[in-house]
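As the structure is a prediction and not an experimental result, all values here were calculated from the model. Counting from 1, the numbers follow the sequence of the chain as shown. Heavy-atom basis, side chains included; hydrogens, waters and symmetry copies ignored.
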Amino acid sequence: QLQLVESGGGLVQPGGSLRLSCAASGFSSDNYVIGWFRQAPGKEREGVSCISMITSYTTYTDGVKGRFTISRDSAKRTVYLQMNNLNPEDTAVYYCAARPPPPRKPLATLTCNLTALDFTSWGQGTQVTVSS
């Protein structure tokens with residue numbers, strides 16, 4: 001059974017930093033993508049970043065480029081999201097999600113995109129609040 005557990009959320013002042021972790025278990029191989037998504041109150045879910053667990057290929061949404069960094073530790077099957085220079089607009093519940101390769105497309109996980117519908121397993125979320 002695939003399981004994703006997020007941690008590292010909290011309250012931080014504008015300009016501060018947080019590092020989120022996503023621990024994955026139940027995967028039979030490293031052939032998958034991990035993505036970070038967020039949802040603020042009253043807003044739609046937004047893709048933030050993703051990483052291929054095989055190639056480390058990464059994608060970021062425009063609003064976090066230069067501030068957020070996604071990375072992986074394959075041995076620990078953990079993905080990190082380092083968030084720097086946070087601002088109140090980053091306040092949201094952050095979710096990590098996993099995307100296995102689609103049927104008959106085993107190479108699809110060598111890269112990644114932030115199409116939420118492609119992600120089949122989701123964590124419970126961790127709250128990030130940026131406020132003074």
Side-chain angles (χ1 to χ4, degrees):
Q1 182 178 357
L2 302 181
Q3 187 175 13
L4 300 168
V5 179
E6 304 98 334
S7 61
L11 173 64
V12 64
Q13 292 185 343
S17 299
L18 282 175
R19 189 178 80 157
L20 304 183
S21 299
C22 173
S25 61
F27 292 83
S28 60
S29 75
D30 288 335
N31 190 11
Y32 57 95
V33 166
I34 294 290
W36 284 99
F37 296 80
R38 65 186 179 185
Q39 188 164 21
K43 294 187 177 181
E44 293 189 355
R45 182 174 52 191
E46 173 191 24
V48 176
S49 182
C50 59
I51 187 168
S52 164
M53 296 299 283
I54 297 178
T55 65
S56 290
Y57 180 99
T58 60
T59 297
Y60 297 91
T61 191
D62 287 344
V64 306
K65 288 179 180 177
R67 299 190 298 124
F68 291 10
T69 303
I70 192 169
S71 62
R72 65 176 174 86
D73 183 332
S74 293
K76 296 182 179 179
R77 291 200 165 175
T78 298
V79 170
Y80 305 98
L81 185 67
Q82 177 66 43
M83 306 185 295
N84 297 329
N85 194 21
L86 287 161
N87 60 62
E89 289 69 39
D90 297 315
T91 295
V93 177
Y94 284 70
Y95 301 89
C96 70
R99 192 196 86 192
R104 298 179 296 280
K105 295 183 178 180
L107 302 182
T109 51
L110 299 185
T111 62
C112 71
N113 60 55
L114 293 171
T115 303
L117 291 177
D118 291 340
F119 289 79
T120 57
S121 298
W122 292 79
Q124 82 288 350
T126 186
Q127 176 71 46
V128 171
T129 302
V130 185
S131 176
S132 55

Original post:
How long is the gap from CZ on R99 to OG1 on T120, to the nearest 0.5 Å?
Top reply: 9.5 Å
Original post:
Closest approach of N31 and P101, non-hydrogen atoms and distance?
Top reply: O-CD, 3.0 Å
**OP:** Look at the side-chain heavy atoms of Ile, Leu, Val, Met, Phe, Trp and Tyr, link any pair under 4.5 Å apart, and say whether Y94 and L11 land in one connected group.
**Re:** no
**OP:** Compare all side-chain heavy atoms of N87 with those of P14 and state whether any distance is below 4.5 angstrom.
**Re:** no
Subject >> Joint cluster assignment, Y80 & I34, ILVMFWY side-chain distance < 4.5 Å >> reply: no
Subject >> Heavy-atom donor-acceptor pair, T109 side chain to V33 backbone, under 3.5 Å >> reply: no
**OP:** Please round to the nearest 0.5 Å and tell me the distance separating atom CD of E46 and atom CG of L114.
**Re:** 9.0 Å
Subject >> Single-linkage hydrophobic cluster, 4.5 Å side-chain cutoff, F119 and V93 together >> reply: yes
Original post:
Between R38 and V64, is any pair of side-chain heavy atoms under 4.5 Å apart?
Top reply: yes
**OP:** Answer yes or no: is there a donor N or O on one side and an acceptor on the other, between the side chain of T115 and the main chain of D118, under 3.5 Å?
**Re:** no
Original post:
Quick one: CZ on F37 to SG on C50, what's the gap to the nearest 0.5 Å?
Top reply: 7.0 Å
Subject >> Heavy-atom side-chain proximity of V79 to I70 below 4.5 angstrom >> reply: yes
Original post:
If Ile, Leu, Val, Met, Phe, Trp and Tyr residues are connected whenever their side-chain heavy atoms lie under 4.5 Å apart, and connections chain through other members, are V128 and Y95 in the same group?
Top reply: no
**OP:** First locate atom OG1 of T58, then atom NZ of K65, and finally report the distance between them rounded to the nearest 0.5 Å.
**Re:** 9.5 Å
Original post:
Is any side-chain heavy atom of M83 less than 4.5 Å from a side-chain heavy atom of L20?
Top reply: yes
**OP:** Could you tell me whether W36 and F68 have their ring centroids closer than 6.0 angstrom?
**Re:** no
Original post:
Just by distance, do the side chain of E6 and the backbone of Q124 share a donor-acceptor pair under 3.5 Å?
Top reply: yes
Original post:
For S25 and R77, does a side-chain donor sit closer than 3.5 Å to a side-chain acceptor?
Top reply: no
Original post:
With a 4.5 Å heavy-atom cut-off, do S131 and T91 have their side chains touching?
Top reply: no
**OP:** Determine whether T69 and Y60 make a side-chain contact, defined as any pair of heavy atoms from C-beta on separated by less than 4.5 Å.
**Re:** yes
Subject >> Expected output: side-chain S52 to main-chain Y57 donor-acceptor under 3.5 Å >> reply: no
**OP:** Enter the distance from T126:OG1 to L81:CG here, rounded to the nearest 0.5 Å.
**Re:** 11.0 Å
Subject >> Atom pair CD1/OG of I51 and S56 - distance to nearest 0.5 Å >> reply: 4.5 Å
Subject >> Heavy-atom check, side chain of F27 versus side chain of L4, under 4.5 Å >> reply: yes
Subject >> Check: T59 main-chain N/O paired with S49 side-chain donor or acceptor under 3.5 Å >> reply: yes
